[in-house]
Amino acid sequence: MRLDVVTIFGEYLQPLQLSLIGKAQAQGLLDVRVRDLREHTHDRHRTVDDTPYGGGAGLLMKPEPWGEALDAVLADPPEDADPRGPVLVVPSPVGEVFTQRAAVELAAEPWLVFACGRYEGIDARVVEHYRTRVRVREVSLGDYVLNGGEVAVLAITEAVARLLPGVIGNAASLTEESHAPEHDGLLEHPAYTKPASWRGLDVPAVLAGGNHAAVERWRRDEALRRTATRRPDVLARLDPERCDARDLAV
Ligand SMILES: OB(O)c1ccc2cc[nH]c2c1
């Protein structure tokens, strides 16, 4: 997978050189290219922002540098690019809330381009223009506001890259995590390791009993119970076709 990140704060993306994501780059599973938006300014101060039409607090990012920067990225496609071009991911408080389903969808793409806004955001015409040329997804990490898109890109990149074959050593673990489609998107059940008793707290006996069917039932029940109490919105999305009577009894 090729990832292009356009930003004025390239150093924010340094964590992508670490750990599993850094190793994935070294293995050729990921090709991350961080591009400086200011390379696409032409004034002495390398200006990327200006005051908003209609007034209001703060500054907005000008469309011209973004147009030049994104055009340069699109002019340099990877060999395996989709005929539709990349998905342009624009972190934004007004975007769709990022979910594991979106991570799975983006992990299927050969090429992602991230546009990291700063200040009060990017002139609206940039997204409007590029929607006519590529698939655009405005994405929010949740109902809170960051100072820019870079932190969101780190989170999205980690969630997506870990799904790529070869990035996570034990790929089977991906299917057992919270929000995994294989477990209907439920929250993960409680997990325990040795010792069997710790500060007066014992591991549930069923988990040490050796009855695998009972363990699976307990884990499903606990996942349903946790999801029902903490994320009823997730439970509401559960496909009844994939539930048996015991699920519904929880
Ligand atoms: O919270 B966010 O997802 C987010 C994303 C981009 C920008 C640009 C300026 N503030 C931002 C906030």
Side-chain angles (χ1 to χ4, degrees), residues 1-16 18 21 32-41 43 45-74 86-107 109 111-163 178-179 231 233-234:
M1 176 185 282
R2 163 84 170 265
L3 299 181
D4 288 281
V5 186
V6 182
T7 174
I8 59 172
F9 286 133
E11 57 272 31
Y12 248 101
L13 284 304
Q14 277 304 307
L16 296 181
L18 305 175
I21 307 303
V32 179
R33 302 184 185 190
V34 178
R35 298 172 185 253
D36 182 359
L37 180 68
R38 292 194 194 277
E39 294 297 311
H40 299 279
T41 61
D43 63 302
H45 298 293
R46 311 186 81 198
T47 306
V48 294
D49 60 288
D50 204 336
T51 55
Y53 276 110
L59 297 166
L60 272 175
M61 300 190 97
K62 296 164 56 64
E64 303 97 320
W66 278 106
E68 191 178 300
L70 292 174
D71 285 356
V73 170
L74 296 184
V87 175
L88 174 60
V89 180
V90 183
S92 167
V94 302
E96 65 183 272
V97 176
F98 187 65
T99 64
Q100 190 67 18
R101 179 185 297 273
V104 170
E105 290 165 356
L106 293 179
E109 293 289 337
W111 186 19
L112 301 178
V113 178
F114 292 95
C116 297
R118 277 276 155 175
Y119 306 103
E120 300 305 315
I122 303 172
D123 184 298
R125 290 169 292 183
V126 173
V127 163
E128 183 179 353
H129 167 76
Y130 283 96
R131 284 195 191 283
T132 69
R133 295 176 54 185
V134 295
R135 292 162 292 161
V136 178
R137 294 184 74 160
E138 293 181 271
V139 176
S140 167
L141 292 189
D143 295 340
Y144 56 89
V145 182
L146 302 167
N147 286 333
E150 289 81 5
V151 166
V153 169
L154 290 175
I156 294 166
T157 297
E158 179 159 316
V160 170
R162 67 195 298 275
L163 299 176
S178 294
H179 306 296
R231 290 296 304 276
D233 58 306
V234 171

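For ligands, and for the atoms within them, numbers begin at 1 and follow the listed sequence. We number each residue from 1, following the sequence as shown. Since the model is a prediction, treat every value here as computed from it, not as a measurement. These values consider heavy atoms only, across backbone and side chains, with no hydrogens, waters or symmetry-generated copies.
More than 12 heavy atoms of other residues, nucleotides or ligands shown are found within 6.0 angstrom of CG on Asp233.
Ionic pairing of Arg131 and Glu138 is present here: one or more N-O contacts between side-chain nitrogen and carboxylate oxygen are shorter than 4.0 angstrom.
Heavy-atom contacts of Pro91 reach the following atoms of ligand 1: 5 (C), 6 (C) (cutoff under 4.0 Å).
Between the side chain of Thr47 and the backbone N or O of Asp49 there is no donor-acceptor pair closer than 3.5 Å. A donor-acceptor pair under 3.5 Å is absent between the side-chain atoms of Thr157 and the main chain of Leu154, judged by distance alone.
The side-chain tip of Arg125 does not point at the ring of Tyr53 from less than 6.0 angstrom away and within 45° of straight on.
On a distance-only criterion, Gly149 and ligand 1 share no N/O pair closer than 3.5 Å.
Rounding to the nearest 0.5 Å places OH of Tyr130 at 4.5 Å from CG of Leu70.
For Ser92, every heavy-atom contact with ligand 1 shorter than 4.0 Å involves the backbone, none the side chain. Under 4.0 angstrom from ligand 1, there are no non-hydrogen atoms of Ile122.
Leu146 O, 3.3 Å is the protein heavy atom nearest to atom 12 (C) of ligand 1. Protein heavy atom in closest approach to atom 9 (C) of ligand 1: Tyr119 O, 3.2 Å.
Heavy atoms of Ala152 stay at 4.0 angstrom or farther from ligand 1. Residue contacts with ligand 1: Val145 is included, with a non-hydrogen atom under 4.0 Å away.
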